[in-house]
S.K.: 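Encoded as C-alpha cells, here's the structure I'll be asking about.
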Amino acid sequence: MKKKKDYSKGKYGHSKHYRNKRLFMTLLILAFIVFDVVFSLVVFHTRKTLFVIVACIMSIPFARNLIDLFMSLKAKPLAKESYMETVKLSEETGVPLLYDITVTESEGIIYVPCLTVYNNNIICYTPDIDEVKQREKIKKYISEVNVISDTSYRVFVTEKNKAFEKEIKKLHEPDGKTKKLDKKVKDNLLGMGF
C-alpha cells in the first residue's frame, strides 16, 4: 500500500500542493459556471433562469479560489538540495524545522521557506531574499507572533545557509514550560497564513 504524503502546514511541499489544489478548484468551479450558463442559454434560450442565479452564486467560491491561487504563486519553496541540507541539520541537532510558512497581511503575503520555533527563538532561512529591506519586512511580520502569543521570542532572518546552521547549532534543549510555549507560538505562526 502506498503511503500518503503529508502536505499539512509546516511540511515541505505544502505551498506547491496548496497551489495545485487551488488551481484545480478554480478550474472546476469555472467549468461548472460556464456549463451552467451555456445549459440555460441552450435549453431555455434565456439568461433569466435559476441556473444563471446558481452560476452567479458560484462566482463567490470561484473568486476566493482565484485569489488564493494568485497569492500562492509568490511562494517559492526551498530547492531539493537545500531541503536535504536542512533535513540533515535537523536530524543532527534534534531541532524541528517548519517549511513553506506564509504570513498573509493586508499588504500582501510574506513567505518563509524554512524556519524553526525553538527555545524562545524563531530562526528563518530565506535563501532567495538578498535584500536587507525584505528580510527586515519578514522579521517585522514574523515578530507579530509575539504580540499574538504574548511572548518575546527572538526573531533572526538570514539568507545564508552557514548563518542558519550556526544559529540552529547554538540552540539548547528547552525545558517543559518552554516546550509548551514553543508549541503555542508555532500554532499561532501557522495560523497567520494559508
Side-chain angles (χ1 to χ4, degrees), residues 1-80 82-83 86-87 96-115 117 122 124-129 131 133-134 137-149 183-194:
M1 192 164 140
K2 189 175 182 180
K3 184 179 175 184
K4 186 177 178 183
K5 282 227 172 205
D6 181 16
Y7 293 112
S8 59
K9 286 183 179 182
K11 303 287 184 187
Y12 183 73
H14 169 73
S15 60
K16 186 177 179 183
H17 180 72
Y18 184 84
R19 180 175 41 241
N20 291 342
K21 190 173 159 183
R22 290 296 135 220
L23 177 63
F24 175 75
M25 289 303 295
T26 302
L27 293 175
L28 182 68
I29 295 170
L30 178 63
F32 178 80
I33 292 170
V34 170
F35 173 78
D36 207 21
V37 172
V38 169
F39 181 78
S40 176
L41 289 173
V42 169
V43 173
F44 300 109
H45 305 291
T46 184
R47 293 174 298 170
K48 299 176 183 178
T49 66
L50 184 61
F51 291 100
V52 174
I53 293 172
V54 170
C56 289
I57 292 171
M58 290 302 293
S59 67
I60 295 169
F62 169 76
R64 169 65 198 264
N65 280 288
L66 189 62
I67 289 167
D68 284 352
L69 175 65
F70 286 144
M71 288 185 73
S72 68
L73 290 175
K74 187 175 180 182
K76 187 172 189 257
L78 287 176
K80 199 67 168 171
S82 296
Y83 169 67
T86 59
V87 167
L97 299 176
L98 299 172
Y99 297 94
D100 297 347
I101 304 299
T102 55
V103 177
T104 51
E105 291 290 327
S106 57
E107 298 171 12
I109 184 172
I110 301 297
Y111 183 74
V112 181
C114 181
L115 66 78
V117 177
I122 301 174
C124 306
Y125 178 45
T126 57
D128 295 325
I129 299 175
E131 295 179 31
K133 284 184 179 181
Q134 284 293 99
K137 188 176 179 182
I138 289 171
K139 185 175 182 176
K140 176 187 160 204
Y141 285 119
I142 295 292
S143 295
E144 288 293 317
V145 81
N146 283 324
V147 175
I148 295 168
S149 306
K183 183 175 177 357
K184 177 184 173 186
V185 170
K186 178 181 139 187
D187 291 343
N188 287 336
L189 187 63
L190 291 174
M192 292 171 71
F194 58 76

S.K.: Would you indicate whether the side-chain heavy atoms of Leu69 and Arg19 approach each other to under 4.5 Å?
M.R.: yes

S.K.: Working to the nearest 0.5 angstrom, can you tell me the gap between Asn65 CG and Leu28 CG?
M.R.: 9.5 Å

S.K.: Does any part of the side chain of Ile110, heavy atoms only, come nearer than 4.5 Å to the side chain of Lys137, both counted from C-beta?
M.R.: yes

S.K.: How long is the span from the OG atom in Ser15 to the NZ atom in Lys76, to the nearest 0.5 Å?
M.R.: 11.0 Å

S.K.: Tell me whether Thr46 contacts the main-chain N or O of Lys48 through its side chain, where contact means a donor paired with an acceptor under 3.5 Å.
M.R.: yes

S.K.: Distance from Leu189 atom CG to Asn146 atom CG, nearest 0.5 Å?
M.R.: 10.0 Å

S.K.: Does a side-chain heavy-atom distance below 4.5 Å link Pro127 with Pro113?
M.R.: yes

S.K.: Which of these, Ile148, Thr104, Ile142, sits in a side-chain contact (heavy atoms from CB on, under 4.5 Å) with Met192?
M.R.: Ile148

S.K.: Considering residues at least two apart in sequence or located in another chain, which fulfil the side-chain hydrogen bond (donor to acceptor under 3.5 Å, both in side chains) criterion with Lys183?
M.R.: Asp187

S.K.: Rounded to the nearest 0.5 Å, what's the gap from CZ on Arg47 to OG1 on Thr49? Could you check?
M.R.: 10.5 Å

S.K.: Using distance alone, with no hydrogens and no angle criterion, decide if Thr86 and Tyr99 have a side-chain donor and acceptor under 3.5 Å apart.
M.R.: yes

S.K.: Report the relative orientation of the aromatic rings in Phe44 and Phe39; use parallel for angles under 30°, tilted for 30 to 60°, perpendicular for over 60°.
M.R.: perpendicular

S.K.: Ignoring hydrogens and angles, state whether a donor on the side chain of Tyr7 or Asp100 is under 3.5 Å from an acceptor on the partner side chain.
M.R.: no

S.K.: Are the side chain of Lys74 and the backbone of Tyr111 linked by a donor-acceptor contact shorter than 3.5 Å?
M.R.: no

S.K.: Taking the side chain as every heavy atom from C-beta outward, state whether His17 and His14 have any atom pair closer than 4.5 Å.
M.R.: no

S.K.: Does the side chain of Asp36 come within less than 4.5 Å of Met58's, by heavy atoms?
M.R.: no

S.K.: Would you say Tyr125 and Leu115 make side-chain contact, with heavy atoms under 4.5 Å?
M.R.: no

S.K.: Within the structure provided, determine whether Arg64 and Asp68 are in side-chain contact (heavy-atom separation under 4.5 Å).
M.R.: yes

S.K.: Check whether more than 12 heavy atoms from other residues, nucleotides or ligands sit under 6.0 Å from atom NZ of Lys186, and answer yes or no.
M.R.: no

S.K.: Roughly how far apart are Phe51 CZ and Leu41 CG, rounded to 0.5 Å?
M.R.: 11.5 Å

S.K.: What are the two closest heavy atoms between Ile101 and Gly10, and how far apart are they?
M.R.: CD1-CA, 4.1 Å

S.K.: Taking all non-hydrogen atoms of both residues, which atom of Ala55 and which atom of Val37 are closest, and how far apart?
M.R.: CB-CG2, 3.8 Å

S.K.: Judged by atom type as modelled, is there a donor-acceptor pair below 3.5 Å linking the side chain of Ser143 to the main-chain atoms of Lys139?
M.R.: yes

S.K.: Distance check, rounded to the nearest 0.5 Å: Ser82 atom OG versus Tyr12 atom OH?
M.R.: 8.5 Å

S.K.: Please determine if Arg22 forms a cation-pi arrangement with Tyr18, meaning its NZ or CZ atom is less than 6.0 Å from the six-membered ring centre and no more than 45° off the ring axis.
M.R.: yes

S.K.: If you define the side chain from C-beta out and look only at heavy atoms, does anything of Phe62 sit under 4.5 Å from Leu30?
M.R.: yes

